[in-house]
Each structure stands twice: as C-alpha cells, then as structure tokens.
Novice: 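Sending over a structure as structure tokens; questions will come in a sec.
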Amino acid sequence: ALGRALVQALVPIARTLDKHVMLGGIDADNHASLDFHARLGFEPVAHFRQTGRKFDRWLDLVFVQKLL
C-alpha cells in the first residue's frame with residue numbers, strides 16, 4: 001500500500017514538472033516488483049543480461065517505463 005501510494009503521488013508531480021516518462025530498474029527475478037509496476041501502468045522496455053552480481057550470482061536488469 002505504501003509503495004503504491006508513493007508511485008501514485010509521484011506521477012502528478014512528474015507531470016507538473018513536464019516530465020514525459022518515468023523509469024524503473026528491477027531485478028528480473030523480482031516478479032512481485034515487476035507485477036506491482038505493471039499494475040501501475042509500467043511496461044517492460046529492456047532486459048539486460050548479467051549486469052549485476054549479488055550473493056555470488058549474476059542478476060539481470062529489467063527497465064520498465066510509464067509514459068506520462
């Protein structure tokens with residue numbers, strides 16, 4: 001609920017500042033976060049393979065965007 005409230009509060013601020021797009025970078029294995037952003041109107045636009053390393057494993061990065 002808090003995350004949703006935060007993103008929903010940021011959208012009108014970004015529009016007021018005449019921004020055109022909002023971006024997010026998410027670990028490709030974080031399905032809960034990807035689903036959360038999809039419910040808020042974000043769409044995946046890029047998938048970068050093995051861009052980060054954490055706990056001795058490579059992570060993929062997914063960029064999502066919401067056009068304002």
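In what follows, every heavy atom counts, from backbone to side chain, and hydrogens, waters and symmetry copies are set aside. No experiment lies behind these values; they were computed from the predicted model shown.
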Novice: Kindly work out whether a path of hydrophobic side-chain contacts (I/L/V/M/F/W/Y, heavy atoms less than 4.5 Å apart) joins F63 to L10.
Specialist: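 F63 does not cluster with L10.
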
Novice: Check the hydrophobic clustering (I, L, V, M, F, W, Y; side-chain heavy atoms under 4.5 Å; chains of links allowed) and say if F42 and V11 are grouped together.
Specialist: yes

Novice: Can you give me the closest heavy-atom contact between R15 and L68, atom names plus distance?
Specialist: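 Taking every non-hydrogen atom into account, NE-O, 3.5 Å.
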
Novice: So if you build clusters from Ile, Leu, Val, Met, Phe, Trp, Tyr with side-chain heavy-atom gaps below 4.5 Å, do F36 and L59 land together?
Specialist: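 F36 does not cluster with L59.
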
Novice: What are the two closest heavy atoms between V64 and P44, and how far apart are they?
Specialist: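 Heavy atoms of V64 and P44 come nearest at CG1-CA, 3.9 Å.
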
Novice: Give a yes or no on whether L61 and I26 share a hydrophobic cluster (residues Ile, Leu, Val, Met, Phe, Trp, Tyr; joining criterion: side-chain heavy atoms under 4.5 Å apart).
Specialist: no

Novice: V21 and L67: which non-hydrogen atoms are nearest, and at how many Å?
Specialist: CG2-CD2, 4.0 Å

Novice: For a quick test of reading the model, state the closest non-hydrogen atom pair linking V62 to A28 and the distance between them.
Specialist: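 Residues V62 and A28, closest heavy atoms: CG2-CB, 3.6 Å.
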
Novice: Okay, side chain of K66, backbone of L40: is any donor-acceptor separation there less than 3.5 Å?
Specialist: yes

Novice: With rounding to the nearest 0.5 Å, note down the distance linking CG in D60 to CG in N30.
Specialist: 13.0 Å

